[in-house]
Protein chains: 2
Amino acid sequence: MDTSLKGTLHKRGLRMTPQRQLVLDAVRELGHATPEQVCTRVQATAPAVNITTVYRTLDLLEDLGLVRHAHLGHGAPTYSEHRHRHLHLVCHRCGGVDEAPAELLTDVARRTLAELGFQLDSTHVALSGTCADCAGEPDDQNDTQNDDADPAPAETVKGDR
Amino acid sequence: MDTSLKGTLHKRGLRMTPQRQLVLDAVRELGHATPEQVCTRVQATAPAVNITTVYRTLDLLEDLGLVRHAHLGHGAPTYSEHRHRHLHLVCHRCGGVDEAPAELLTDVARRTLAELGFQLDSTHVALSGTCADCAGEPDDQNDTQNDDADPAPAETVKGDR
DNA sequence: ATCCTTGCAAACAGTTTGCACGCGG
DNA sequence: CCGCGTGCAAACTGTTTGCAAGGAT
């Protein structure tokens, strides 16, 4: 069968366009990226592409099962390839993002299912807390502290390696 | 020592105002409430109170340790009394909110701490998944489905009892 | 009489919607 | 040549900031 983007689209009576390919490529290249970041990336090649199109295309690609999004904090969600399934741990002090295997929550998922019938999706929303670096530091009163996770752009990722 | 709101404020050189008492009362009465909901509630008594003041006051009360906020989905955070510490389980289909004891994540917290030095705050962000009711239903294509948690106002809470 | 607090307007981030044009099939 | 897909402008939700008037101590 056809696994190309074009083929996947055609099966649904949808059309192949340069924008769609560019958005998919951008998500793949960027790893975790907000719609805004994807847009910027796409615009490096095709400056005319509008952020609206990026939003619509990301939705579509998610529908097609090619990408997925996760919420890392209060800000914009981040999109990544569908296969990228980790647990995200966001530090509410520095905004840094750690990754951990999704299996960490397997037991919890089993329990919520058994006790409440709740089917946990462990990768969709990041867990919040304080990272190792920040836990050591004094109780910053006036520093560049960040109550909620405000993931500084992309690079702040710590785990992943 | 003085445990009244007034006393707590004075210790910090802050002033007691009707707005602050009203916001605190509203949070206590409403249980989980978004700033918008708190504002509406406060305005039932004092129509002139501005949403800006509600935001500022909620921040302040959180600082004082009187209330806390949690993120139940992509929308507005919900504020509750400080003592309210549950795990929140949000259904991304219907937006319903379940509550579970925070202890569910104790083991996970132990592991993230040991393995990554990450100090988990289990109650700050809701876990995402599919609730018992929605798991049973067919794969709604066009129904009132709700990809992300979009907690319908307050009452949709299921657990808690 | 200080100076903390407030209300209001404006700006801001993130996202969605309506609409007309134009290209893909 | 039909109608999906796009760009653009506008609206919208949630939140923050600047500023001047007003009230608490």
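First the proteins, then the strands, lettered A, B, ... as listed; each starts at 1. As the structure is a prediction and not an experimental result, all values here were calculated from the model.
Using a 4.5 Å heavy-atom cutoff, the side chains of B:H69 and B:L58 are not in contact. Side-chain contact between B:H71 and A:H71 is absent, with no heavy atoms from C-beta onward closer than 4.5 Å.
In this structure, the NE2 atom of A:H74 is 18 Å from the P atom of C:dC12, given to the nearest Å. The interatomic distance linking A:Q37 (CD) with C:dA13 (P) rounds to 14 Å, in whole Å. Separating the CD atom of A:Q43 from the P atom of D:dG7 is a distance of 9 Å, rounded to the nearest angstrom. In this structure, CG of A:L9 is placed 16 Å from C1' of C:dC23, rounded to the nearest angstrom. Rounding to whole angstrom units, NZ of residue A:K6 and P of D:dG5 are separated by 14 Å. When rounded to the nearest whole Å, the span between CZ of B:R56 and P of D:dG18 equals 11 Å. Here the P atom of nucleotide C:dA13 and the CD atom of A:E36 are 8 Å apart, to the nearest Å. Here the P atom of nucleotide D:dG5 and the CD atom of A:Q21 are 15 Å apart, to the nearest Å.
Looking at heavy-atom distances under 4.0 Å, A:L14 makes contact with sugar-phosphate atoms alone, never a base.
For the pair B:L60 and A:D59, nearest-nucleotide mapping onto DNA chain C gives the more 5' position to B:L60. Residue B:P35 is the one, among B:P35 and B:P18, whose nearest nucleotide of DNA chain D lies closer to the 5' end (criterion: closest heavy atom).
Taking side-chain N and O atoms only, B:R15 has no distance below 4.0 Å to OP1 or OP2 of D:dG23. Taking side-chain N and O atoms only, A:T53 has a distance below 4.0 Å to OP1 or OP2 of D:dG7. Distances shorter than 4.0 Å separate none of the side-chain N or O atoms of B:N50 from OP1 or OP2 on C:dT6. A sub-4.0 Å separation between OP1 or OP2 of D:dT16 and a side-chain N or O of B:Y55 is absent. Neither OP1 nor OP2 of D:dG23 sits under 4.0 Å from any side-chain N or O of B:Q19. Look at A:T52 and you won't find any side-chain N or O under 4.0 angstrom from OP1 or OP2 of D:dC8.
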query: When you look at B:V42 and B:T53, which way does the side chain to side chain contact (heavy atoms under 4.5 Å, CB included) test go after all the steps?
result: CA-CA 11 Å; B:V42 167; B:T53 301; over 6 Å; no
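A:R110 has a carboxylate O that lies under 4.0 Å from a charged side-chain N of A:D107, or vice versa, which qualifies the two as a salt bridge.
Shown are B:E81, B:E99, B:H86, B:Q37; of these, the side-chain hydrogen bond (donor to acceptor under 3.5 Å, both in side chains) with B:H32 is made only by B:E99.
Across C:dG14, D:dG7, C:dC4, the shortest atom-to-atom separation from the side chain of A:V49 is found for D:dG7. Here C:dG14 is the nucleotide among D:dG7, D:dG14, C:dG14 with the atom lying nearest to any side-chain atom of A:P77.
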